[in-house]
Structures are given as C-alpha cells and as structure tokens.
Amino acid sequence: MNLVLLSFFKVILLFGCSFNNSQQEPSREADALLKWKGSLDINPTTHPLLSSWTHNHLNNTSCCHWFGIICNKFGFVIKINLTDSNLKGTLQNFNFSSFPSLLAFDLYNNSLYGSIPSHISTLSRLTYLDISRNHISGNIPSQICFLTSLRILYLERNYLNGTIPPEIGMLISLEVFYAYGNNLSGSIPISIGNLSNLTELSLHGNKIIGSIPHEIGKLKLLRELHLYENDLTGSVPASIGNLSSLTFITLFTNIITGVIPSHIFNNLTNLEDFEVGDNFLSGYLPENICLSGKLTWFTAYGNYFKGSIPQSMRNCTSLFRVDLQGNELTGNISEQFGVYPNLEYMDLSSNNFFGKLAGNWGECPKLNVLTIYDNMVSGMLPPELGKATQLHILDLSNNLLVGKIPKELGRLKSLYNLFLNNNKLSGKVPAEIGMLFNLESLDLTANRLSGPIPVHLEQCSKLRELYLGDNIFSGIIPFQIAKVRSLRNVDLSQNMLIGELPPELGNLILLETLNLSHNKLSGALPSTFQQLISLTSVDVSYNELKGPLPNIKAFIEAPIEALEHNKGLCGKNTNLKPCHTSKENRSKILVMVSISCTLVPLLIIVGVLLIYKKRERNTHEQGLIQMTVTFFEPCGHDGKRVHEEIVEATENFDSKYCIGVGGYGSVYKTLLSTGQLVAVKKFHENGGVASKEAFESEISLLTRARHRNIVKLYGFCSHTRHSYLVYEYLEGGSLAKILIDNVEAVELEWSKRLNVVKGLANAISYMHYECCPAIIHRDIASKNVLLDDEYEAHISDFGSAISLDPNISNWTPFAGTFGYSAPELAYTMEVNEKCDVYSFGVVVLELIMGKHPGDLILSLSASTSSSSTPAVHQILLKDLLDQRLSPPKRQVAEKVVSIVNIAFACLQPSPQSRPTMKQVADKLSTSLPSLSEPLHAITLRQLLDPPTWIY
C-alpha cells in the first residue's frame with residue numbers, strides 16, 4: 001500500500017512539473033521574439049507588420065495572436081512565417097532553444113544578413129526552413145546535421161560561401177535542398193548519396209568544382225537535378241541512369257567533358273528537361289534521348305557533339321525548345337527533323353548540316369524562333385515557311401541558299417528579325433516583304449539580289465536595322481525609306497545605286513550609322529543631312545558625290561576612307577579641302593578669265609620650250625612620280641616638293657631614322673609638313689635586278705589592291721639615286737616585334753589577337769578572290785603583318801608578290817621566309833594560293849603561342865608521314881597558349897579553339913587538303929560569341945584530327 005501511494009505521488013509530482021513548465025513556455029517564446037525584434041533595424045512607421053509584437057495591458061504573455069506566429073492547441077509556437085516582411089538584421093540574437101515545438105521557420109525574401117548561427121541546431125523538430133533571398137553570408141554550419149527532422153531546406157539567393165558540409169548527408173529526412181545562387185565552392189560531398197528521400201536538388205549558380213559524385217545515383221526518388229552554372233569537371237556519371245524518377249537534369253555552363261553514356265536514357269522514362277549546353281562534351285548525341293516521349297526541353301549548345309540528330313528526336317512531338325548550336329553535328333537537314341506541334345524554339349546554328357531546307361518547319365504552328373545560320377544548307381527557301389505565322393526570328397544566314405526570296409514570307413506578320421545574309425539568293429526582293437509590319441531587323445547582305453530597293457519597306461514602321469549591302473541593287477534610293485522614322489542603322493553599300501540622294505533621308509533623326517559606299521551615287525549631299533543629329537558613323541566613299549559636307553560631327557570627324565573616291569567633296573573635315581563661298585568663286589572666275597586672255601599666247605610659247613627642255617632633262621633630276629592621289633593631292637603637294645621634303649626630313653636617309661631593314665631595302669619613319677607620319681621604304685641602291693623587280697611589283701600590285709587590311713601606298717619615287725615607296729605609317733609596328741616584347745605581347749590580349757587573325761584572313765581572301773588577276777603574296781609572315789594603334793592588322797611588303805595567271809603555269813624562283821613557306825615549295829616552284837594559306841596557318845599559331853611554332857610544325861609534318869598516332873593529337877590546348885596571357889574566358893576561349901582548329905587545317909601538308917582563304921574568312925566572320933568567368937577546362941580540350949570543319 002505504501003509503495004502504491006508513493007508511486008501515485010510521483011505521478012502527481014511529475015504531472016505538476018510538466019504543467020508548470022507548459023505555463024512558462026509561451027512566456028519564454030514571446031520574450032525570445034521580443035528580444036529578437038529589439039535587435040532588428042525596425043522603424044514602426046515603416047514596419048507595421050510587427051506592431052502586434054508586444055505584451056498587452058492584461059499581461060497576456062502569449063504570442064499566438066502576433067503577426068506571422070502560429071501556435072498549436074497547447075499554445076506553443078509551431079510556425080513562424082515572416083516572408084516578404086522587409087526585415088533587416090541578423091539571426092544571432094534569435095534564441096532558437098526557446099522554441100522546442102517549432103516545425104516551420106520561414107524568412108523568405110527579407111534583408112537579413114550575417115551568418116547562420118550554429119545554435120539553430122537546437123530546433124530538433126524543425127521540418128521546414130526557408131531563409132532564401134536574404135543577404136546571409138558565411139558557411140553552412142556543420143551543426144545543421146542535428147536538424148534530423150528537416151524535410152525542406154531553402155538557402156538559395158544569399159551570399160553563402162565555403163563548402164557544402166559533408167554532414168548534410170545526415171539529414172536523412174530531407175526531401176528538398178535548394179542552395180543555388182550563392183558563392184559555394186568545393187565539391188559536392190559524396191554523403192549526398194545518403195539522402196534517400198531527396199526529390200529536388202538545386203545547387204546551380206555557385207562555384208562548385210570537382211566531378212558529379214557517382215553516389216548521386218543512389219537518390220532513387222530524385223525528380224529534379226540542377227547543377228548548372230558551376231565549375232564542375234569530369235564526365236556525366238553513368239549512375240544517373242538509375243534515377244528513373246528524374247524529370248529535370250540541368251548541367252549547362254560547366255566544364256564537363258567526355259561522352260554522355262547512351263544507356264542512361266533507357267531508365268529515364270519521365271525525362272522532360274535535359275540541358276547540357278556550354279560544356280566540353282563530345283561524341284554523339286544519345287540515340288534514345290526522347291525515349292520517354294515526354295522530352296520538352298533539350299539544349300546541348302556549345303559542345304563538340306558530332307554525327308547526326310538522334311532518330312528518336314524525329315518523332316519527338318513533345319519538344320518545346322531545342323538548342324544545338326555551336327557543335328559539329330552533320331547530316332542532311334531535310335531528313336533529320338519531323339513536325340513538332342509544340343515546338344517554339346529551334347537553334348541548329350554553327351554546325352555542319354547540309355542538304356535542302358524542308359517545308360516541314362512551316363508545319364510547326366507554335367514556332368517562334370528558327371535559326372540555322374552558319375551551316376551548309378543549300379537549295380531554295382521553301383514557300384511553306386510562310387505557314388509558320390508565329391515566327392519572331394528567322395535566321396538562315398551564312399549558308400548556300402539560292403533562288404528567290406519567296407513572297408510567302410510576307411505572311412509572317414509576327415516576324416521581327418529576318419536574317420538571310422551571306423547566301424546566294426537572287427532576283428528581286430518581293431513586295432510582300434513590306435507586309436512584315438513588326439519587322440525590326442532585315443539583313444540581306446552579301447547575296448545576289450537585284451532590281452530596285454523595294455519601296456514597300458516604308459510600311460515596316462518598326463524597322464530599326466536595314467542591311468542590303470553587297471548585292472546588285474540598282475536604280476535610285478527611294479525616298480519612301482525616309483518614312484521609316486525608327487531606322488537606326490542603314491547599309492546600302494556595294495551595290496549599283498545611282499542618282500542623287502533623296503533629301504527626305506534627313507528626316508531619319510534616329511539614324512546612327514549610314515553606309516552608302518561603293519555605288520554610283522551623284523550630286524551633292526542634301527542639306528537636310530544637317531538634321532541627322534544621332535549619326536555617329538557614315539561612309540559615302542567610292543561614289544560620284546561632290547559639294548560641301550553636312551556640318552555635323554559624323555561627317556566632320558569621318559576618316560578619309562569614308563569620304564575618298566568622290567568627285568569633289570569639301571568641308572570642315574581635315575582630310576578635305578575647305579569649301580569656297582559663291583562670292584569667292586565669282587572673283588576667282590573673273591581673275592581666271594582675265595589672266596587667261598593675257599597669258600594664253602605666253603603659255604603656248606612656254607609650253608613649247610618646256611617640251612623641248614624635257615627631252616634634254618637628265619633622268620637624275622626626275623622628281624616624285626605620283627601614282628595615287630590618296631595622300632599627295634589633298635595635301636596640295638606636287639611630286640618634287642614631296643621628294644625634297646622626304647629627303648630633308650630623313651637627312652638624306654640617315655640611319656637614325658631607320659625603323660626596319662629588309663631584303664630589298666630599309667624603312668624610315670618620316671613626319672611631313674602636314675603633320676602626317678608616313679613610312680618610306682627605300683630600296684637598296686645596289687640591289688640589282690631583284691630589287692628593281694620588287695620595287696615594280698609593289699607599285700603594280702598595291703595601286704590596284706585597296707583593302708582596309710592591306711597597307712596603303714601613297715606614292716613612289718623612281719629615281720636613279722633614291723627609289724622608294726611611301727606608305728601609311730602604322731603605329732603598332734610588326735606582329736613579330738610585338739610578340740618578342742613581353743610588355744607589348746601582354747597588351748595584345750586574346751580578343752585583339754582574334755581580331756588580327758580575322759583581319760589577316762580577310763585581306764588574303766580579298767587578294768585571292770576579289771583582285772583580278774589574283775594576287776599571291778608569297779611572304780605571309782609575322783614580320784610583314786603590321787598593326788595600327790587599334791591593333792587592326794595590315795599586310796605589307798609585296799616585293800615577292802605575283803599576279804596569278806590562270807592560263808599559264810606559275811613557276812617562279814623561291815620567295816618567302818623560311819619557317820613560313822609551304823612544304824611543297826621544297827620540291828616544286830609552282831605557286832598557287834594554297835601557299836599563302838599555309839603561311840597564314842603558321843602566323844595564326846605564332847599569334848596563339850606567342851612564338852614561332854617551329855617544333856610543332858615539324859611534329860605535324862612527321863605525324864602525317866607516319867602510320868602511328870599523330871603526335872599533334874596528343875597536344876593539349878593549354879600547352880599551345882601564350883603563357884604570358886591569362887587563360888581566355890569562356891566564349892573567347894571557344895573562338896581560340898576554333899581558330900587553332902583552322903590553323904591546323906591550313907597547315908595540312910597536301911595543298912588540296914587545305915581550305916581556301918575565302919572559306920577561312922567566311923568561317924571567321926561568323927564565329928568571332930559574353931560570359932565573364934575564366935575557362936579553367938580549356939586545358940582539357942584535346943585537338944582531334946582532322947579538323948571537321950574543313951570543306
């Protein structure tokens with residue numbers, strides 16, 4: 001009996017203690033909340049949400065009626081929800097131990113800062129924690145492992161750093177883990193494989209490194225895996241194939257390499273989203289990519305995938321967005337795609353697709369974007385494209401399309417970008433193009449389009465960019481274009497346009513760039529051009545224009561190249577003569593008439609005497625023979641005066657003015673009285689026949705070769721004592737000199753080097769394909785590539801160049817620089833354009849490596865003559881890059897890879913295997929992509945053989 005009573009009293013005592021504690025807990029929770037509130041930066045007038053957080057006059061200590069606080073039936077706080085409450089402060093003063101019953105803590109989208117307190121671990125019953133979209137920094141505390149009941153963890157959009165603690169693997173109840181958009185580093189802990197209940201994992205937008213752990217394949221319930229925009233390396237783990245519940249896999253913008261194991265898609269029967277773009281993946285696209293029949297989003301852009309499109313994609317009607325641009329995919333494009341009722345976006349650009357464009361694209365009713373630029377698609381534009389009435393962007397540029405532009409394209413009323421440039425389209429532009437009322441950009445550049453410029457463009461009232469250059473358009477410029485007041489950029493250059501410029505063009509007050517060069521336009525520039533106040537760039541060169549320039553900045557500051565080769569432009573531009581007023585002109589006419597009447601008889605007599613004296617004149621007294629007017633005439637200099645000025649300025653060609661010495665002569669830097677610097681190449685007086693031939697060759701070729709990337713010849717002097725050429729002076733000096741100098745080499749950073757390659761290719765392509773007869777330079781070397789102050793490349797030294805006669809065999813003695821000359825010249829003296837292609841390849845590698853690639857070229861030559869694995873294939877790109885520069889950034893690095901690929905193609909020992917310079921220039925014009933993070937894994941990219949882009 002006593003024992004029973006004792007037990008009864010113990011129960012009563014315990015119950016009483018529990019009861020007393022339960023009365024104390026609400027007060028303790030309220031006090032903890034008020035203490036935390038006091039630490040926050042809160043102004044009651046701007047934070048009315050927390051005005052309820054206070055004890056009332058009835059001494060009610062419960063906080064259950066406060067804003068954002070939810071209690072259970074016993075009065076204990078089980079949920080704190082303060083989302084979007086504009087809170088500013090830290091969590092350091094939040095007493096987590098005062099909330100033993102707390103199940104959910106939601107502080108989403110506030111301005112909290114500081115770190116996550118380690119004592120948050122006391123919330124042992126917590127199942128939901130959301131502190132996302134704040135300013136929380138520091139590490140994820142390892143003590144988070146004590147939150148063993150946690151099912152949802154949102155840490156995204158903060159400033160968390162450090163690594164993900166391996167203790168995260170102890171949260172075995174965790175179902176959702178979001179930590180994206182932070183500064184997390186280190187690798188993904190392999191303990192992540194312990195989270196057997198995890199359904200969503202989002203770690204994207206951090207700086208996580210290392211490979212994706214194989215253990216991720218243990219997460220059998222995982223539906224979403226988001227790891228994009230990190231620095232992950234290694235390959236795609238085959239264990240992902242175990243995750244049969246996966247619907248989303250996003251791995252884009254990492255440094256992942258290798259092939260995608262094709263078998264992983266055998267189990268991914270729920271897959272809807274697969275994104276692996278902007279990595280270094282290679283091999284073939286998985287054949288069963290659309291095995292699930294649910295695939296809607298597939299992006300693999302910016303990798304090295306090859307082969308054709310998987311057969312499973314042809315009938316994958318669920319597709320919504322596909323982006324495969326920037327790979328090495330190939331195959332007949334008309335046979336690889338079906339009809340997609342849900343497709344809105346398709347990008348197949350920058351691949352190697354060929355064949356004709358099928359009409360089935362017009363059967364995709366929801367298609368918004370279709371871009372297939374930079375491929376080898378041929379044939380005619382299918383009229384069926386006009387059925388895709390939802391199209392916003394149609395880009396088929398840089399292909400081999402022929403025929404007319406179908407009038408059916410006028411049905412695309414939603415279109416705002418139409419790019420058909422760099423094809424072989426012909427005929428007239430259909431009037432229906434004017435029905436594209438929403439069109440903003442129209443680019444038809446570099447085709448064979450003819451007829452008049454369509455006046456119907458006046459109906460395209462939203463048009464901002466109009467590019468019609470490099471075609472065969474004829475007739476006048478229609479004044480109706482001026483009705484499109486939204487125009488910003490207009491290019492009508494390199495056509496056959498005639499007549500005067502319509503004054504209505506002055507109404508285009510938003511116009512920023514205007515290119516009318518290389519036409520046959522005549523008359524004066526309209527005075528209404530004074531209204532073009534937004535104009536920043538103008539080019540009216542190579543026309544028949546005359547009269548004063550408009551008095552606006554674009555014309556006044558235009559370079560001579562933008563005004564040259566007209567009939568008589570004048571004005572305030574320093575490169576032109578000033579205009580004379582009508583009063584001055586009348587006075588001059590009267591004076592001229594008076595003088596002529598008086599002096600004509602005298603001039604006849606003097607003329608006879610001069611002819612007689614000329615026959616007796618010793619050739620030693622001949623002055624400068626002027627061949628071009630680009631420099632001399634605008635400066636008002638005659639030949640003799642320029643000659644005397646050059647001799648005087650160089651102190652009779654004193655060596656102290658010499659800036660370079662070559663095989664045929666020396667180069668001097670000279671400042672003329674006009675304030676302009678020129679380079680004077682004086683040929684050796686005892687150079688013999690070879691020197692004379694080089695002198696004559698440069699004159700002959702440079703007077704007909706006019707290109708922005710070829711050094712300009714201003715004039716020459718043929719004299720028994722002084723034979724020299726006068727060139728433009730290029731401040732940057734030679735590429736060879738720059739690469740030797742460590743300081744200057746660093747200044748020539750990657751983007752500038754890529755621009756040098758592009759300019760050099762354009763110049764050589766021009767010489768080979770636009771000069772008639774073609775010009776073969778024969779001495780493309782870094783010493784003959786000069787750079788201006790903006791690092792634009794100019795080819796110089798045409799002393800060894802020849803004109804290629806297609807009707808005869810072009811056998812010549814060896815000319816060029818050893819180490820740059822094509823190998824076939826060792827056993828044959830027959831010269832063709834492929835010799836320049838080889839030399840170009842050497843210069844490109846020299847530019848990438850920062851030094852002459854002598855040993856590399858030798859290994860390349862040796863490998864091609866051996867049946868063993870070519871040595872060049874074992875070279876990592878990191879070993880080729882100029883070590884004086886920081887590694888190139890992502891898209892610049894991609895261009896570097898492409899250019900190295902091009903260089904190796906140009907260095908093929910067999911001339912027939914090398915691409916033409918036109919192919920090279922075209923390839924560069926479309927591939928030269930803006931991400932800012934360093935590309936660490938460019939060192940992992942091996943150069944494979946042979947470069948697959950070779951035509």
Side-chain angles (χ1 to χ4, degrees), residues 373-374 377-381 394-407 409-410 415 417-434 436 439-460 463-482 484 487-502 505 511 513-522 537-545 562 565 706-708 762 765-766 769-772 918 921-922 925-926:
Y373 66 82
D374 193 17
V377 179
S378 57
M380 302 179 70
L381 281 169
L394 177 60
D395 190 345
L396 305 176
S397 59
N398 292 288
N399 278 289
L400 304 172
L401 297 170
V402 298
K404 296 182 178 181
I405 298 174
K407 63 181 181 180
L409 293 188
L415 201 66
N417 283 355
L418 176 58
F419 300 135
L420 302 175
N421 49 294
N422 293 91
N423 280 287
K424 299 179 180 180
L425 299 170
S426 57
K428 296 181 179 180
V429 178
E432 287 78 4
I433 211 78
L436 304 178
L439 197 64
E440 295 182 5
S441 296
L442 175 63
D443 194 344
L444 304 178
T445 305
N447 280 287
R448 299 170 182 173
L449 299 169
S450 58
I453 293 175
V455 298
H456 303 84
L457 287 172
E458 67 174 309
Q459 300 174 89
C460 303
L463 197 62
R464 298 163 59 92
E465 298 176 330
L466 176 62
Y467 300 118
L468 304 179
D470 199 6
N471 280 287
I472 321 174
F473 287 115
S474 57
I476 62 172
I477 297 176
F479 70 88
Q480 288 88 344
I481 287 182
V484 187
L487 277 171
R488 262 75 165 177
N489 303 288
V490 173
D491 186 350
L492 307 178
S493 65
Q494 300 187 65
N495 281 291
M496 302 178 68
L497 301 173
I498 61 172
E500 298 186 355
L501 295 171
L505 292 179
L511 198 64
T513 67
L514 176 64
N515 191 346
L516 304 174
S517 65
H518 294 83
N519 280 289
K520 297 181 180 179
L521 300 169
S522 58
S537 173
V538 64
D539 191 343
V540 295
S541 61
Y542 290 87
N543 280 290
E544 299 173 6
L545 299 169
H565 292 281
R706 308 291 294 175
H707 190 275
R708 65 178 295 172
N762 288 339
S765 176
Y766 165 82
Y769 292 95
E770 297 184 44
C771 292
C772 187
K918 188 174 190 309
D922 289 346
S925 69
T926 58

Are [X] and [Y] close enough that some pair of their side-chain heavy atoms sits under 4.5 Å apart?
X	Y	value
Leu442	Leu457	yes
Asp443	Leu418	no
Leu449	Ile472	no
Glu544	Leu521	no
Ser765	Lys918	yes
Tyr766	Cys771	yes
Ile477	Leu501	yes
Val490	Asn515	no

What are the two closest heavy atoms between [X] and [Y], and how far apart are they?
X	Y	answer
Cys460	Leu436	SG-O, 3.7 Å
Gly451	Lys428	CA-CG, 4.2 Å
Ser397	Asn423	CA-ND2, 3.8 Å
Ala562	Val538	CB-O, 3.2 Å
Ile405	Pro430	O-CG, 3.5 Å

Item checked: CG/Leu400: more than 12 non-hydrogen atoms of other groups inside 6.0 Å -> yes

Next item on the list: Hey, can you tell me if Tyr542 and His518 have their rings parallel, tilted or perpendicular (30° and 60° cut-offs)?
Entry: parallel

With rounding to the nearest 0.5 angstrom, report the [atom1] to [atom2] distance, [X] to [Y].
X	Y	atom1	atom2	answer
Arg706	His565	CZ	NE2	5.0 Å
Arg488	Arg464	CZ	CZ	4.0 Å
Gln480	Gln459	CD	CD	10.5 Å
Met380	Ser426	CE	OG	7.5 Å
Lys407	Leu409	NZ	CG	12.0 Å
Ile481	Ile453	CD1	CD1	5.0 Å

Next item on the list: With side-chain contact (heavy atoms from CB on, under 4.5 Å) as the test, would you mind laying out the steps for Leu514 and Leu516 before giving the verdict?
Entry: CA-CA 7 Å; Leu514 176 64; Leu516 304 174; 3.8 Å; yes

Notebook entry, point to check: Between Asp470 and Asn447, does a side-chain contact (heavy atoms from CB on, under 4.5 Å) hold up when you go through it step by step?
Noted result: CA-CA 7 Å; Asp470 199 6; Asn447 280 287; over 6 Å; no

Next item on the list: List the steps and the verdict of side-chain contact (heavy atoms from CB on, under 4.5 Å) for Leu415 and Leu394.
Entry: CA-CA 8 Å; Leu415 201 66; Leu394 177 60; 4.1 Å; yes

Closer than 3.5 angstrom, by distance alone: can the side chain of [X] be matched with the main-chain N or O of [Y] as a donor-acceptor pair?
X	Y	value
Asn399	Val377	yes
Asn421	Thr445	no
Asn519	Leu492	yes
Asn398	Asn422	no
Asn471	Asn495	no

Check: Is there a donor-acceptor contact under 3.5 Å linking the side chains of Asn489 and Thr513?
Finding: yes

Check: Is there a donor-acceptor contact under 3.5 Å linking the side chains of Ser441 and Glu465?
Finding: yes

Next item on the list: Test Leu497 against Ile476 for side-chain contact (heavy atoms from CB on, under 4.5 Å), laying out the working first.
Entry: CA-CA 6 Å; Leu497 301 173; Ile476 62 172; over 6 Å; no

